[in-house]
Amino acid sequence: MLLSYCAPVLFGLVASVSAIDAYYHVGENCDGPSVVCSNLNPGVCCTDGRTRADSIGYRGIPTNWVIAAKSYGGSACDSSPAAREVSQNTNFLCLRTRFGNTVGATRYDFGANSKRRDDFSVSDNACLPGGGDAETEACTSSQKPDQLVLEDGTKFDIAGLEDNVVDQMIKLAREGTAIPVTFHSRKL
């Protein structure tokens, strides 16, 4: 009896802690070093206003969700998307740029019932469930990348670091140069 009462609550808690991470990759096929907006919420723009990517990878998508992930050529999520992909029964999406272009911002959105693709329509101005457009507060919130991932998978916490320090770490990662020992305490 107790289990039948607690099980839905436990499953609800598990579903509510699902985390989707957006990776800004150097490689065109969601490979190579990257910076990450971890635990990105729907409708929140992942950008730091400076970092450029050749592709954006979304990881950790619950397979029963349908999301529309979008990347933008500028440094904000306020223009027509440069690339868009819709997930269905997958935990990973890769948004590739075209013609050697890079992107500087990304976000994902989903419908009120994202468990079925039929219940979801993709709109360039889609936002959080309940509507809205790119001008609403729900769509203008942003999150800066908080992790740096090296090609070998080593992760560093970059949250709270000065922009010039993060830029230098990203440059070293792109070149394949070792991250200085002074930052090893920030390894995740």
Pairs involving residues 174-188, ordered by first then second residue, that meet side chain to side chain donor-acceptor pair (under 3.5 Å) (sequence neighbours left out): none
Sidechain-backbone polar pair: Tyr72 side chain, Ala83 backbone, donor-acceptor under 3.5 Å: no
Where at least one partner belongs to residues 145-161, residue pairs that pass side chain to side chain donor-acceptor pair (under 3.5 Å), sequence neighbours excluded: Ser38-Asp146, Asp152-Thr154
Cluster link Leu148 to Val165, ILVMFWY, side chain under 4.5 Å: yes
Side chain to side chain contact (heavy atoms under 4.5 Å, CB included) involving Asp31 - partner list, sequence neighbours excluded: Asn29
Qualifying ring-ring contact (aromatic ring centres under 6.0 Å, His included) pairs, either residue in residues 22-53, two or more places apart: Tyr23-His25
Check: Tyr108 and Ile61 side chains under 4.5 Å, non-hydrogen atoms: no
Those residues that, when tested against Gln168, pass side chain to side chain contact (heavy atoms under 4.5 Å, CB included) (two or more places apart): Lys171, Leu172
Tyr58 and its side-chain contact (heavy atoms from CB on, under 4.5 Å) partner, picked from Thr90, Asp21, Leu95: Leu95
Side chain to side chain contact (heavy atoms under 4.5 Å, CB included) against Asp163, all qualifying residues, sequence neighbours excluded: Arg50, Lys144
Close side-chain approach of Pro145 and Asp48, heavy atoms under 4.5 Å: yes
Note, Val44 side chain near Arg107 side chain (heavy atom, < 4.5 Å): no
Heavy-atom side-chain proximity of Val149 to Ser34 below 4.5 angstrom: yes
Hphob cluster co-occupancy, Leu40 + Leu93, side-chain heavy atoms under 4.5 angstrom: yes
Flag, side chain of Thr102 to backbone of Asp54, donor-acceptor distance under 3.5 Å: no
Worked verdict on Asn91 versus Arg59 for side chain to side chain contact (heavy atoms under 4.5 Å, CB included): CA-CA 6 Å; Asn91 63 358; Arg59 291 178 170 79; over 6 Å; no
Under 3.5 Å donor-acceptor, Ser87 side chain and Ile67 backbone: yes
Residue Glu28 excluded, over 12 heavy atoms near CD under 6.0 Å: no
Inter-residue atom distance Cys30.SG - Arg96.CZ, 0.5 Å rounding: 6.0 Å
For Ala173 against Ile179, the heavy-atom pair lying closest together: N-CD1, 4.5 Å
Exercise: identify the closest heavy-atom pair between Thr51 and Ile170: OG1-CD1, 3.8 Å
Same cluster (ILVMFWY, side-chain, under 4.5 Å), Ile56 and Val26: no
Short side-chain to backbone donor-acceptor contact, Ser55 and Gly27, under 3.5 Å: yes
Minimal non-hydrogen separation, Thr47 against Ser142, with atom names: CG2-CB, 4.3 Å
Path from Leu150 to Val166 over hydrophobic side-chain contacts below 4.5 Å: yes
Ion pair Asp109/Lys70, N-O distance below 4.0 Å: yes
Contact summary for Cys45 and Ala105, nearest pair of heavy atoms: SG-CB, 3.8 Å
